[in-house]
Amino acid sequence: MAAYTTLGLGGPAGHLITASNAEELVQIGQRTEEPVFFLAGGSNVVVGDAGFPGTVVLIRSRGVAVRSEDGGTVDVTVEAGEPWDDVVAAAVDAGWSGLECLSGIPGSAGATPIQNVGAYGQEVAETITAVRAYDRVRGELCTMTSDECGFAYRASVFKHSSRWLVISVDFRLVRSPLSGPVRYAELARALGVEIGDRVPLADARAAVLALRAGKGMVLDPADPDTRSVGSFFTNPVLDPAAYAALRERAAGIGEPPSWPSPDGVVKVSAAWLIDKAGFQKGHPRTDGVAISSKHTLALTHRGGGTTSALLALAAEIRDRVHDRFGVTLHPEPVLVNCEI
Ligand SMILES: Cc1cc2nc3c(=O)[nH]c(=O)nc-3n(C[C@H](O)[C@H](O)[C@H](O)COP(=O)(O)OP(=O)(O)OC[C@H]3O[C@@H](n4cnc5c(N)ncnc54)[C@H](O)[C@@H]3O)c2cc1C
């Protein structure tokens with residue numbers, strides 16, 4: 001399966017088939033007699049060296065349809081296999097606001113609800129109105145409202161569940177030549193605006209793509225730092241007591257970058273924890289795997305590596321961060337037939 005993942009890692013599939021449209025996806029979703037794994041862009045999976053013994057289904061359904069364009073909004077339905085960045089680029093070109101900060105994220109539209117894809121102050125939960133899915137437990141098609149999707153930070157009811165197969169996703173976007181209010185400080189600096197300002201959609205997209213390229217966070221065959229799953233760990237979300245304990249353990253090193261929520265929990269930067277636990281960008285460049293030379297949070301395959309080596313590096317990072325700061329890092333990608 002290495003050829004179908006952005007890491008370029010993973011052993012063989014028992015069978016590999018392609019679903020080219022929604023009907024084929026539903027037909028395959030009905031199969032319950034053998035293990036089935038649905039794979040789209042392969043940009044958020046780590047597949048074990050033994051591969052996947054069942055059937056792997058490549059999701060390749062395509063299509064974007066405008067359902068209505070009333071007033072100031074536009075309702076769009078996107079088929080699961082549509083490449084995500086094409087959707088964002090088309091929205092920016094059409095003057096539809098709401099996805100521009102999600103430019104350059106690899107993978108498919110149908111996978112965006114799985115972990116509530118987000119970047120630079122936007123997440124798909126803000127614009128998804130419904131997800132059409134095949135419920136493999138009930139054996140029926142269903143339309144799930146945004147609330148039913150259970151969106152949270154890099155999470156939803158779909159993640160780590162084989163129950164639902166996303167067939168298409170409905171987005172409601174705003175008809176505007178301007179972006180939503182810029183919420184992310186680094187993006188505001190890059191654009192030369194204040195937090196809360198709006199900028200032309202194309203400017204927001206260009207700035208996001210440039211920031212991402214500088215971190216190896218857009219797919220580029222010429223850049224080995226992009227042979228990754230993006231961020232390997234999610235930013236830990238700590239309750240007030242755990243956050244206070246972290247600050248105590250970090251005293252003398254500096255203040256961990258953090259994003260408090262109104263409900264009292266605090267999200268802290270996993271990249272900062274990894275860096276301060278002593279891991280440098282580029283570490284260790286053995287066994288064919290290494291931390292990206294541009295971003296501490298991305299683990300990369302440099303060629304000739306294995307999933308076991310990648311996961312050994314991930315475990316080393318997780319354990320040293322825990323020993324140093326008492327905080328447990330959790331992997332962001334879906335681990336298929338492997339674990340750390
Ligand atoms: C360089 C790089 C940068 C990245 N940056 C970001 C980022 O900024 N923000 C972010 O959130 N993510 C980021 N990612 C992670 C990844 O791109 C996203 O999670 C993306 O949505 C995964 O899409 P995919 O089609 O590749 O999914 P896959 O990797 O093919 O699948 C991921 C999981 O979703 C399931 N799945 C996929 N499609 C369906 C479907 N139709 N129905 C049911 N289950 C499905 C799969 O079974 C699997 O469990 C990055 C990855 C890379 C390589």
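Note that the structure is a prediction, hence the values are computed from the model and not measured. Worth knowing before you read on, the calculation uses all heavy atoms, side chains too, and leaves out hydrogens, waters and symmetry mates. In listed order, ligands and their atoms are each counted from 1.
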**Q** Tell me whether K276 forms a cation-pi arrangement with F325, defined as NZ or CZ under 6.0 Å from the six-membered ring centre and within 45 degrees of its axis.
**A** no

**Q** Going by an N to O cut-off under 4.0 Å, is there a salt bridge joining D225 and R302?
**A** yes

**Q** Return each pair, listed once, that meets side-chain hydrogen bond (donor to acceptor under 3.5 Å, both in side chains) where at least one residue sits in residues 239-265; pairs must be two or more places apart or across chains.
**A** Y243-S258, R247-E255

**Q** Anything under 3.5 Å between an N or O on ligand 1 and a protein N or O? List each pair with its distance, or write none.
**A**
residue, atom, partner, partner atom, Å
ligand 1, 5 (N), R212, NH2, 2.7
ligand 1, 8 (O), R212, NH1, 2.9
ligand 1, 8 (O), R212, NH2, 3.3
ligand 1, 9 (N), G118, O, 2.8
ligand 1, 11 (O), Q115, NE2, 3.0
ligand 1, 11 (O), G118, N, 3.2
ligand 1, 12 (N), Q115, NE2, 3.1
ligand 1, 17 (O), S43, OG, 2.8
ligand 1, 17 (O), P106, O, 3.0
ligand 1, 19 (O), N44, ND2, 3.3
ligand 1, 19 (O), Q115, NE2, 3.1
ligand 1, 25 (O), G41, N, 2.8
ligand 1, 25 (O), S108, N, 2.9
ligand 1, 25 (O), S108, OG, 2.7
ligand 1, 26 (O), G41, N, 3.3
ligand 1, 26 (O), G42, N, 3.1
ligand 1, 26 (O), S43, N, 2.8
ligand 1, 26 (O), S43, OG, 2.6
ligand 1, 29 (O), G42, N, 3.4
ligand 1, 29 (O), S43, N, 3.0
ligand 1, 29 (O), N44, N, 2.8
ligand 1, 30 (O), A40, N, 2.8
ligand 1, 30 (O), G41, N, 3.3
ligand 1, 30 (O), G42, N, 2.9
ligand 1, 41 (N), V166, O, 3.0
ligand 1, 42 (N), V166, N, 2.8
ligand 1, 47 (O), F38, O, 2.6

**Q** I want to check something: taking the side chain as every heavy atom from C-beta on, are V45 and F37 in contact at a cut-off of under 4.5 Å?
**A** yes

**Q** Evaluate the side-chain contact (heavy atoms from CB on, under 4.5 Å) criterion for residues Y120 and E186: first the C-alpha distance (whole Å), next the side-chain angles of each, then the deciding distance (0.1 Å), finally the verdict.
**A** CA-CA 8 Å; Y120 294 96; E186 187 189 21; 3.5 Å; yes

**Q** Can you spot which of V74, T129, T127 makes a side-chain contact (heavy atoms from CB on, under 4.5 Å) with F171?
**A** T127

